[in-house]
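Just so we're clear, the structure is a prediction, and the values are computed from it rather than from any experiment. We use all heavy atoms of the structure for the numbers below, so side chains are in, but hydrogens, waters and symmetry mates are not. Each chain gets a letter, A, B and so on, in the order the sequences are listed, and its residues count up from 1.
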Amino acid sequence: VCHQTVSLVARHLEAGGLPTVIMGCAKDIVEYCGVPRFLFSDFPLGNAAGRPFDAESQALTLELALRVLEAAPAARTTVQSPLRWRADTAWKLDFSNLDRMTPEQIAERRREFDEIKAVAKAKREQA
Amino acid sequence: MPMAFAPEHDVPIPYMQRTRDYYLRLGFAPYRWAHFADVPFTPLARLLAESRLALITTAAPYQPGVGDQGPRAPYNAAAKFYTVYSDTTDRIPDVRIAHVGYDRVHTTAEDPNTWFPLAALQQAVKRGRLGGVTARFHGAPTNRSQRVTMEQDAPELLRRCREDGADAVLLVPN
């Protein structure tokens, strides 16, 4: 929900008079919410600012976001970075893909999810 | 000769559909994602080279004692935070992403510059591409409750960005 959170925040800032740009990796979530400006990198979640240990890709990603910020003609402007994560695109098939999990793995995920939820709940109540 | 089309799966990952199917199979009700028809828009008031940019992140400050938050750490809900935080941009802070659902199969979270572009921003300022970075960056709690984000966190972030004299804001989710 990270991408949804910053999308909601960007909308609020923009309505309050501050121009915004989002750098992100989840195109559908950001565009479904509806934001003013978005630089999309078609990378695994966690790499919104560029490839690891690749200063050039990080500088280019920021530069593209800055160009979107200054040049977007209207709301819902999305620009996709030309950078590719790697030549083999099979990584896109893995994220939360049930077709690639056994029933045992799915049951294990359910147990993990319940555990995570319980920890988060305790932490939230403490906060 | 056949045209060399890209593979059919070579599109942005449909995260909403993937997670909907996934949680249904796990036995949960489908999540209703935020969706709006109207989108606000505010043009930049001055050139970027004269503008001060604020940075908003969903990364969390490293917290000793709440478990593994390093590279390859499993999802660590104990490292989450639930209120907006701010810290100085004078130095690169130790902010982590073990508390959120990034792609743990294809990403190791070893290089903070992939989720927190403060060093790149400082370079852009040095080059004169950007007027400046505000004195603080801000942390946005990622909350499944859209109401909390919209009614509490977003107004607080707007207040802090204004307080810091930001002309524009860069937001980076994970």
Any non-hydrogen side-chain atom of A/V1 less than 4.5 Å from a side-chain atom of B/Y31?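 A/V1 vs B/Y31: side chains touch.
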Heavy-atom side-chain contact between B/L171 and A/V21 under 4.5 Å: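 No, every pair of side-chain atoms sits at 4.5 Å or beyond.
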Between [Y] and [X], is there a salt bridge with N-O shorter than 4.0 Å?
X      : Y      : result
B/R147 : B/E151 : yes
B/D167 : B/R46  : yes
B/R162 : B/D164 : no
A/R11  : A/E14  : no
A/R110 : A/D114 : yes
A/R51  : A/E56  : no

Contact winner vs chain B - [options], heavy-atom pairs under 4.5 Å:
options                      : result
A/C33, A/P52, A/A122, A/A15  : A/C33
A/T77, A/L39, A/V30, A/D94   : A/D94
A/K92, A/R86, A/K121, A/E112 : A/K92
A/G17, A/G24, A/S57          : A/G17
A/A90, A/A72, A/A118         : A/A72
A/N97, A/I106, A/L18, A/D54  : A/L18

Contact part of [X] toward chain A, heavy-atom cut-off under 4.5 Å: side chain, backbone, both or neither?
X      : value
B/A124 : side chain
B/L170 : both
B/D153 : neither
B/V11  : backbone
B/P74  : neither
B/L157 : both
B/T149 : side chain
B/L53  : side chain
B/A54  : neither
B/P12  : both
B/F81  : neither
B/R127 : side chain
B/N76  : neither
B/V105 : side chain

Please flag which part of [X] lies under 4.5 Å from any non-hydrogen atom of chain B: side chain, backbone, both or neither.
X     : answer
A/Q4  : side chain
A/V35 : backbone
A/D42 : side chain
A/L13 : both
A/C25 : backbone

Could you name each residue pair satisfying salt bridge (Lys or Arg N to Asp or Glu O under 4.0 Å) that touches residues 57-69 of chain A, not counting sequence neighbours?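 Only A/E63-A/R67, A/E63-B/R129 qualify under salt bridge (Lys or Arg N to Asp or Glu O under 4.0 Å).
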Any luck finding a side-chain donor-acceptor pair between [X] and [Y] under 3.5 Å?
X     : Y      : value
A/Q58 : B/D111 : yes
B/T57 : B/H138 : no
B/R72 : B/T108 : no

Leading residue by heavy atom contact count with chain A [cutoff under 4.5 Å; candidates [options]]:
options                        : answer
B/C161, B/P155, B/P43          : B/P155
B/Q123, B/R104, B/M150, B/Q146 : B/Q146
B/F28, B/Y23, B/F41, B/Y102    : B/F41
B/T83, B/L121, B/V66, B/L130   : B/L121
B/A37, B/A166, B/A109          : B/A37

Can you name the closest pair of heavy atoms from B/A77 and A/I116 and give their distance?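 Closest approach of B/A77 to A/I116, heavy atoms only: CB-O, 3.6 Å.
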Taking all non-hydrogen atoms of both residues into account, name the closest pair between A/T61 and A/A48 and its distance.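 Taking A/T61 first and A/A48 second, the nearest heavy atoms are CG2-O, 3.5 Å.
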Measure from the side-chain N and O atoms of B/Q69 to the backbone N and O of B/G67, and report whether any donor-acceptor pair falls under 3.5 Å.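 Looks like yes, one N/O pair under 3.5 Å.
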Evaluate B/E156 against B/R159 for salt bridge (Lys or Arg N to Asp or Glu O under 4.0 Å), listing each step before the verdict. CA-CA 5 Å; B/E156 180 59 22; B/R159 197 185 63 73; 2.8 Å; yes
Can you tell me how far the OG atom of A/S41 sits from the CH2 atom of A/W85, to the nearest 0.5 Å?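 These two atoms lie 10.0 Å from each other.
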